[in-house]
Amino acid sequence: MYKAVIALALLSLVGCSATYQPLTGTYGYVVIPKNDIHHIEYHGTDKGFVENSWLQAANETCPSGFETLSKTEDVIRGTVKSPVAGQMVNLGTQDVILLGKIKCHVQEAGSSVLTDFAWQESSAQQVDYFSHAYVAKKIEMRHDQVRFIGSAPTTKVIEYLDWKFGKSVAEVNDNGLKTKVWLNRNTVLASAVAVTYKDECPNVVKILPPFSVMLLGGANNSKNLEKVAVMSSGIYKAYPKCTDPLLK
């Protein structure tokens, strides 16, 4: 009986992901326009549905056709608390995310919903752009939390990170430009958040997924974490404008 209840709970979670829609919570599509390229994500749980939905989002973005520049799949496993038989239990989850870049044959207005804010990931070859939801899943946080971290004024984001993760574990002052680093130890593998600021709007906010934290020597090496201030690869970066109406 208990196993049957858990199975029903899991089916309800999967059902929530099987509706084609713009992403507002956990599942759906994101379209990020950058110059003449559109970065498209589709978040779901079923590979076939995600593939078809990504293609639908691309067709709605470029009604006259498009060229697919790249497309990759990322499967992220995690847990979610859900009430089962009168108690909260941890249920395993598996999110399938299809990420790709397209270029429209004709520059025209499509019917897909566009997102004007994104996190950047830089490499020697290119800069890629990702949604709040994708970055959140990489560090096991909610997308609204990641949106806040990447959009809020300096005082608010520092207060929030102090409350969420405790006091910062590293701090760098470079000619008045300060960088504070917090560790998220609430997950199996620690991730990190760094805020660089000089005034009431951060210059840049960086999120380090667990792999990047391990490359710096792990969660207990605060001296190496100071290097986050100058890191440019292996991280997600946001440049807040502090104009998000939801933060007023």
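Only this structure's heavy atoms are used, side chains among them; waters, hydrogens and symmetry mates stay out. One is the number of the first residue; the rest follow in order along the sequence.
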S.K.: Closest approach of Glu41 and Ser131, non-hydrogen atoms and distance?
M.R.: OE1-OG, 2.6 Å
S.K.: Spell out, yes or no, whether Val228 and Val230 are grouped together once hydrophobic residues are joined by side-chain heavy atoms under 4.5 Å, including indirect joins.
M.R.: no
S.K.: Which atoms form the tightest heavy-atom contact between Pro209 and Gly234, and what is the distance?
M.R.: CD-O, 3.6 Å
S.K.: Consider ring pair (Phe, Tyr, Trp, His ring centres under 6.0 Å). Of Phe117, Trp163, Tyr160, which one does Phe148 pass it with?
M.R.: Tyr160
S.K.: If I take atom NZ from residue Lys180 and atom CG from residue Leu161, how far apart are they, to the nearest 0.5 angstrom?
M.R.: 10.0 Å
S.K.: With clusters defined by side-chain heavy atoms of hydrophobic residues (ILVMFWY) lying less than 4.5 Å apart, directly or transitively, does Val135 cluster with Ile32?
M.R.: no
S.K.: Report whether Leu23 and Ile149 are members of the same hydrophobic cluster (ILVMFWY, side-chain heavy atoms less than 4.5 Å apart, transitive linking).
M.R.: no
S.K.: Would Lys178 pass as a cation-pi partner of Tyr197, given that its NZ or CZ must be under 6.0 Å from the six-membered ring centre and within 45 degrees of the axis?
M.R.: no
S.K.: Tell me the closest heavy-atom pair linking Gly150 and Pro240, and the distance in Å.
M.R.: O-CG, 3.4 Å
S.K.: Among pairs that include at least one residue of residues 88-102, which meet salt bridge (Lys or Arg N to Asp or Glu O under 4.0 Å), considering only residues two or more places apart or in two chains?
M.R.: Asp95-Lys137, Lys101-Asp128
S.K.: If you take all heavy atoms of Ala152 and Pro202, which pair is closest and at what distance?
M.R.: O-CD, 3.5 Å
S.K.: Nearest 0.5 Å please: distance from the CG atom of Asp144 over to the OG1 atom of Thr24.
M.R.: 11.0 Å
S.K.: Within a strict 4.5 Å, meaning less than it, do heavy atoms of the Lys71 and Leu98 side chains meet?
M.R.: yes
S.K.: Does any part of the side chain of Ile102, heavy atoms only, come nearer than 4.5 Å to the side chain of Cys62, both counted from C-beta?
M.R.: yes
S.K.: Does any non-hydrogen side-chain atom of Val50 lie less than 4.5 Å from one of Asp46?
M.R.: no
S.K.: So do Val96 and Glu73 actually touch side chain to side chain, heavy atoms under 4.5 Å?
M.R.: yes
S.K.: Answer yes or no: is there a side-chain heavy-atom contact under 4.5 Å between Arg77 and Thr93?
M.R.: no
S.K.: Establish whether Tyr239 and Tyr129 are linked, either directly or via other cluster members, by ILVMFWY side-chain heavy-atom contacts under 4.5 Å.
M.R.: no
S.K.: Decide side-chain contact (heavy atoms from CB on, under 4.5 Å) for Cys104 and His38; before the verdict, give the C-alpha distance in whole Å, the side-chain angles of both, and the deciding distance to 0.1 Å.
M.R.: CA-CA 8 Å; Cys104 299; His38 290 84; 3.9 Å; yes
S.K.: Is it the case that the side chain of Ser212 and the backbone of Leu208 share a donor-acceptor pair, with hydrogens and angles ignored and the cut-off at 3.5 Å?
M.R.: no
S.K.: Just do the side-chain contact (heavy atoms from CB on, under 4.5 Å) check on Leu177 and Asn203 with the steps written out, would you?
M.R.: CA-CA 9 Å; Leu177 194 63; Asn203 294 60; 3.7 Å; yes
S.K.: Is a side-chain donor or acceptor of Asn35 paired with a backbone partner of Ile37 at a separation under 3.5 angstrom?
M.R.: no
S.K.: Determine whether the side chains of Thr179 and Glu171 contain a donor N or O and an acceptor N or O closer than 3.5 Å.
M.R.: no
S.K.: Determine whether Gln94 and Thr45 satisfy the following criterion, side-chain contact (heavy atoms from CB on, under 4.5 Å), listing intermediate values before the conclusion.
M.R.: CA-CA 6 Å; Gln94 176 176 289; Thr45 57; over 6 Å; no
S.K.: I'd like to know if the side chain of Thr154 reaches the main chain of Asp199, judged simply by a donor and an acceptor atom lying under 3.5 Å from each other, with no hydrogens or angles considered.
M.R.: yes
S.K.: Could you tell me whether the side chain of Glu51 and the main chain of Gly48 form a donor-acceptor pair under 3.5 Å?
M.R.: no
S.K.: So if you build clusters from Ile, Leu, Val, Met, Phe, Trp, Tyr with side-chain heavy-atom gaps below 4.5 Å, do Ile158 and Val146 land together?
M.R.: yes
S.K.: Decide if atom NZ of Lys47 counts as having more than 12 heavy atoms of other residues, nucleotides or ligands within a radius under 6.0 Å.
M.R.: no
S.K.: Between Tyr20 and Tyr29, is the gap from one ring center to the other below 6.0 Å?
M.R.: yes
S.K.: I want to check something: taking the side chain as every heavy atom from C-beta on, are Tyr236 and Gln120 in contact at a cut-off of under 4.5 Å?
M.R.: no
S.K.: Any chance you could measure Arg185, atom CZ, to Ser191, atom OG, to the nearest 0.5 Å?
M.R.: 11.0 Å
S.K.: Say you draw a straight line from NE2 of His39 to OG1 of Thr61; how long is it, rounded to the nearest 0.5 Å?
M.R.: 12.0 Å
S.K.: Using only atom types and a distance under 3.5 Å, with no angle test, would you say the side chain of Trp182 pairs donor to acceptor with the backbone of Lys167?
M.R.: no
S.K.: About how many Å separate CG of Asn186 and NZ of Lys164, when rounded to the nearest 0.5 Å?
M.R.: 6.5 Å
S.K.: Looking only at heavy atoms, what is the nearest atom pair of Glu108 and Ser64, with distance?
M.R.: OE2-OG, 2.7 Å
S.K.: Would you name the heavy atoms of Ser122 and Ser232 that are closest together and state the gap between them?
M.R.: CB-O, 3.7 Å
S.K.: When you measure from the side chain of Tyr134 to the backbone of Ile97, do you find a donor-acceptor pair of N or O atoms at a distance under 3.5 Å?
M.R.: no
S.K.: Can you find a heavy atom in the side chain of Lys138 that is under 4.5 Å from one in the side chain of Asp74?
M.R.: yes
S.K.: Tell me if the aromatic rings of Tyr27 and His43 count as close, with their centers under 6.0 Å from one another.
M.R.: no
S.K.: So Val193 and Val181, side-chain contact (heavy atoms from CB on, under 4.5 Å) or not? Walk me through it.
M.R.: CA-CA 6 Å; Val193 179; Val181 183; over 6 Å; no
S.K.: Nearest 0.5 Å, what's the CG-CD1 distance between Leu189 and Ile139?
M.R.: 13.0 Å
S.K.: Are the side chains of Phe66 and Lys103 in contact, using a 4.5 Å heavy-atom criterion?
M.R.: no
S.K.: Cation-pi check for Trp119 against Lys237: NZ or CZ below 6.0 Å from the six-membered ring centre and within 45 degrees of the axis, yes or no?
M.R.: no
